[in-house]
Amino acid sequence: MRKSILLTSLFLFSMLFMAFQCEEDDYGDIESDRLELAQLKIEIDEIVYTSVCDGTHICEFMAYGSKACGGPQGYLVYSTSINVENLKTLVENYNRVEAEFNTKWNILSDCSVPNMPSEIICENNKCVPVF
């Protein structure tokens with residue numbers, strides 16, 4: 001009798017444990033989500049880095065990122081020598097993924113507001129922000 005009670009208790013405990021455990025496949029893990037964000041940012045930075053300013057291409061900037069308390073992480077400075085529409089699409093995707101990351105992992109932010117460039121100048125064929 002004691003053995004059956006012990007086995008029944010063990011079985012119920014195991015079922016209870018399985019019912020309340022987190023499914024990593026359903027929720028993922030924070031490090032793989034961070035890696036995804038980092039890879040997206042690297043792709044964006046590589047495109048921005050290839051931009052050059054000269055007499056035919058002008059400098060521009062756009063906000064990127066999604067802080068947990070709202071607003072952008074910062075500003076990307078680039079020239080129109082790149083595929084700007086592609087960059088905008090990548091940044092929109094990055095912003096969406098970062099916003100989802102913040103919500104999913106309850107990320108907190110410092111809520112500081114990054115400085116927006118007051119102008120952008122072209123130095124040595126590279127766009128440089130002026131604050």
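The residues of the chain are indexed from 1 along the displayed sequence. Values below: every heavy atom of this structure, side chains too, minus hydrogens, waters and symmetry copies. In this text the structure is predicted, and so the values were computed from the model without any measurement.
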Where at least one partner belongs to residues 41-51, residue pairs that pass salt bridge (Lys or Arg N to Asp or Glu O under 4.0 Å), sequence neighbours excluded: K41-D45
Atom of S66, atom of N102 and distance for their closest heavy-atom approach: O-ND2, 2.6 Å
Considering all heavy atoms, the nearest I30-W105 contact: N-CZ2, 3.2 Å
Main-chain N/O of E31 paired to D29 side chain as donor or acceptor, under 3.5 Å: yes
Full working for side-chain contact (heavy atoms from CB on, under 4.5 Å) between L40 and L90: CA-CA 8 Å; L40 292 171; L90 290 172; 5.8 Å; no
Verify same cluster id: V128, V130 (apolar side-chain graph, 4.5 Å): yes
pair I82-H57: side-chain heavy atoms closer than 4.5 Å: no
N-O pairing of E100 and R96 below 4.0 Å: yes
Geometric class of the Y75/F61 ring pair [parallel <30°, tilted 30-60°, perpendicular >60°]: perpendicular
Linked, directly or transitively: V77 and V91 (ILVMFWY side chains, under 4.5 Å): no
Full working for side-chain contact (heavy atoms from CB on, under 4.5 Å) between Y78 and V84: CA-CA 9 Å; Y78 59 92; V84 176; 4.0 Å; yes
Shortest non-hydrogen contact between P72 and Y64, atoms and distance: CB-O, 3.4 Å
Short side-chain to backbone donor-acceptor contact, S79 and S51, under 3.5 Å: no
Donor-acceptor contact present, side-chain K88 to main-chain N83, <3.5 Å: no
Shortest non-hydrogen contact between S81 and T50, atoms and distance: OG-O, 4.4 Å
Candidate pair E60 and C127, rule side-chain contact (heavy atoms from CB on, under 4.5 Å), full reasoning: CA-CA 8 Å; E60 298 181 347; C127 297; over 6 Å; no
